[in-house]
Amino acid sequence: MRRPFVAGNWKMHGSRADNAQLIEALLLGLPNQPVAEIVVCPPFVYLWELSRLLKSSSIALGAQSVCAESLGAFTGEVCASMLKDVGCHYLIVGHSERRAIYKEDDSLVARKFFIGQSHGLIPILCVGETLDEREKDQTNAVVARQLNAVLDLAGIAALSNAIIAYEPVWAIGTGKNASPAQAQDVHAHIRSVVAARDAKIAAAVRIVYGGSVKAANAREIFSMPDVDGGLIGGASLKADEFLKICAAAQSH
Ligand code: 13P
């Protein structure tokens, strides 16, 4: 039985005041010991304050990115030991916005995954195809390539302590979500790619879906056998929406 996992990726949104309000509402609305694991990933500058707000709560903290180097002259970057130092448990790597806008390729994503995990962070590895790739029937090949780049560097055992997020690029922030059946197909494929290296790890690894998940569609998507929760963008900024999504994951 895989424990459901729901993370909110706030992307570049929020303010100290908005964050405090959102967290207060989430803490009020969540059960003391939620069945699902719940994570929020704010921008870097808010991590420390949120780690104090979330101390001893049922919500864990994650970062949205990391530097692939461990320390030194890398102006503007934030390294894994700093994320750990301010109370992060999770780390998103390979988000499609990082891949597309900041030109992060598979090998850089793999290095970020590796360095984050070596510093005790649990990576949330995002994979997913563009609309063009889907239309050319390349979805399975793309997600396998993105995943294998990480497994080649970090080794299959690394997935015993990581989450995979399938985020079709065409569904992110567009209001168009993959249908439950489309999500299930790709999730099953991802699990088979992992199983080709280690069946036990494949059965245990959590694969979550991201891309226009809302309270209205979460239950249906999460009910698919290989979907273990969600990575939520826009809807994670609204307490009532995010709480309903968390509830949908718990009842799965
Ligand atoms: P939306 O839920 O806003 O589509 O974003 C998904 C996402 O990119 C989460 O990382």
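Just follow the structure's listing: the first ligand is 1, and inside any ligand the first atom is 1.
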the protein heavy atom lying closest to atom 2 (O) of ligand 1 turns out to be G233 N, 2.9 Å
Side chain, backbone, both or neither: which part of L231 has a heavy atom under 4.0 Å from ligand 1?
-> both
Check salt bridge (Lys or Arg N to Asp or Glu O under 4.0 Å) between R2 and all other residues, then give those that pass, not counting sequence neighbours.
-> D228
Sequence-distant partners of D240, side-chain contact (heavy atoms from CB on, under 4.5 Å), two or more places apart | K238
Protein contact to atom 3 (O) of ligand 1 [nearest heavy atom, distance to 0.1 Å] | G234 N, 2.8 Å
For E167, atoms of ligand 1 separated by under 4.0 Å from a heavy atom | 6 (C), 7 (C), 8 (O), 9 (C), 10 (O)
K214 heavy atom under 4.0 Å from ligand 1 = no
Contact atoms of ligand 1, heavy-atom distance to A171 under 4.0 Å | 4 (O)
Please say which of R191, H189, R206 ends up in a side chain to side chain contact (heavy atoms under 4.5 Å, CB included) with D226.
-> R191
Determine whether the side chain, the backbone, both or neither of C126 has a heavy atom under 4.0 Å from any heavy atom of ligand 1.
-> neither
Tell me whether the guanidinium CZ or amine NZ of R111 lies under 6.0 angstrom from the six-membered ring centre of F114 and within 45° of its axis.
-> no
Please answer whether the main-chain N or O of S212 pairs with a side-chain N or O of N217 as donor and acceptor at a distance below 3.5 Å.
-> yes
